[in-house]
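Sequence lines set the chain letters: A, B, ... in the order given, protein chains first and strands last, and positions in each chain run from 1.
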Protein chains: 2
Amino acid sequence: MSKQEKISRKRQLELTATQLFKEKGYTASSMRDLANEVGIEAASLYSHIKSKEEILRNICFRMADEFFAAINAIDNEPMNSMAEKLEKYIVAHTEVIAHDTAATLVFINEWKHLSEPHYSNFVDQRHRYEKRFIEILKAGIKRKEFLPIDEKFVVLTILSSLNWIPHWYKPGGKMSPEEIGRQLSRMLIDGIKTGHRTGTRQH
Amino acid sequence: MSKQEKISRKRQLELTATQLFKEKGYTASSMRDLANEVGIEAASLYSHIKSKEEILRNICFRMADEFFAAINAIDNEPMNSMAEKLEKYIVAHTEVIAHDTAATLVFINEWKHLSEPHYSNFVDQRHRYEKRFIEILKAGIKRKEFLPIDEKFVVLTILSSLNWIPHWYKPGGKMSPEEIGRQLSRMLIDGIKTGHRTGTRQH
DNA sequence: TTTATTTGCTAACGCCTGTTAGCATCTTAT
DNA sequence: ATAAGATGCTAACAGGCGTTAGCAAATAAA
């Protein structure tokens, strides 16, 4: 086979493994499971990949790259308010998730099985990603756009809501990923209550 | 040893296993790991427990019971608004989480390794639990207390935020579990924005 | 003091794990 | 036509898995 087809074969392994890892978890998924799923022998997998962990590593870091790329693109756009920027971040994150919910779930649930130095690397990246959100919150609070609630608390709440999306999102549903992101950011930023505010609250 | 002491020995196993399952995941935690942690041989564990899965089962269903007990207690109290009831639910849920974050994480992450019929049983219970929240949302929307946003969407967002708490909560921090719950429900219900609402919404 | 129970041990079981070695076949490029 | 590479096979490895059998010592109840 040509080089291009080999890549697609390797990609097929990664896709199948993603599904497997998502359903049973990384540790409970065996190489024989994976081999079975693609119709070859377990030993034959090693013509295409170096190790089981290599697959996990590729999934995790490819997703990390996608999340970063999505919010990096936003930083170049002009922005009127921090609320607008936060919404764009949320929508971008949602779109990455919706684009591959299975890989996202593996990314979220299985990274702890990475070995060093990849483990620390991953933790670092996630920390930097969270910081990007925190900076927006801080700026918004400084501009009196947001209430002075602990930024880390808010960001973790936002990200946890986002990271639950792959559990229920189905492509082709009523809401597009963008609409989901918008709805979600409106809910988290504006709340779900009807009626007027009773003035500026402190937490 | 007396019967009372036996129970505490079994309890020690469960506590140690909880910590182990939380850190490495259920599948990646071996009985030899657990035995090592409590200072006995792996085979000796079976003088106290029937199987590895029994431990997981106990953790998962004990937590499920606690979550249900917490919101059941609330339904007997008089309630002025759905927002108030929702807040009490959220605070109650947060308090159960804070009481044992490790067990909560196992409850959230490892239930999929339960075998039938326990697996289906668990899924059913969780579904019933979510419904309790959905009913509050529905009632609140009917009373025009909440905006007419898809209830399932809102509930999943709330619960995902709650279920992320064990990842960062440390006992003895600045906020008590109750304060965390209050803060969280205020944020989710009222939003994080300063200032007054615009427009047509009434109450 | 006898009896029953609890708690632990060693040894072992059958099975599953990720991975390697060595070889065959089939496809593509020269 | 030939060489190179891709793809797959069988066989096997060393080690880990959950669990059981059978026995010994300690402890508690009678």
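For the pair E14(B) and R62(B), the salt-bridge criterion is met [side-chain N within less than 4.0 Å of a carboxylate O].
Straight-line distance from the NZ atom of K24(A) to the P atom of dC16(C): 12 Å, rounded to whole Å. Rounded to a whole Å, the CD atom of E41(A) is 19 Å from the P atom of dC23(C). Protein atom CG of L56(A) is 15 Å distant from nucleotide atom C1' of dG18(C), rounded to whole Å. The CZ atom of R9(A) sits 21 Å away from the P atom of dG5(D) (whole-angstrom rounding). Rounded to whole Å, the distance from CG on N36(A) to P on dG8(D) is 14 Å. Put simply, NZ on K52(A) is 19 Å from P on dG15(D), counting in whole angstrom units. Counting to the nearest Å, the C1' atom of dC13(C) and the OH atom of Y46(B) are 13 Å from each other. Atom NZ in K10(A) sits roughly 11 Å away from atom P in dA6(D) (whole-Å rounding).
Nearer to the 5' terminus of DNA chain C, by closest-nucleotide assignment, is the contact made by S44(B) (compared with the other of S44(B) and M31(A)). A residue-by-residue look at A42(B) and I40(A) shows that I40(A) has its nearest nucleotide of DNA chain D further toward the 5' end.
Of the candidates dT19(C), dG18(D), dT7(C), dT19(C) carries the atom nearest the S51(A) side chain, counting heavy atoms from C-beta on. Between dA21(D), dT7(D), dG18(C), one nucleotide has an atom nearer to the side chain of A43(B) than all others, and that is dA21(D).
Judged purely by atom type and a 3.5 angstrom limit, E66(B) has no side-chain atom pairing as donor or acceptor with the backbone of V96(B). Listed for the N163(A) side chain is a donor-acceptor partner under 3.5 Å among the backbone atoms of L159(A). Side-chain atoms of S160(A) come within 3.5 Å of backbone N or O of L156(A) as a donor-acceptor pair. Using a distance-only test at 3.5 Å, with no hydrogens or angles considered, no donor-acceptor pair links the side chain of D33(A) to the main chain of S29(A).
Remark: K138(A) fails to qualify as a cation-pi partner of F146(A) under the 6.0 Å distance and 45° angle criteria applied to the six-membered ring.
Here T27(A) lies out of heavy-atom contact (under 4.0 Å) with every strand.
Contacts with DNA chain C (heavy atom under 4.0 Å) in residues 112-121 of chain B: none are found.
Phosphate proximity of dT19(C) to R32(A): absent, as no side-chain N or O sits under 4.0 Å from OP1 or OP2. Here S30(B) reaches the OP1 or OP2 of dC17(D): one of its side-chain N or O atoms lies under 4.0 Å away.
At least one side-chain heavy atom of V91(B) sits under 4.5 Å from a side-chain heavy atom of E87(B).
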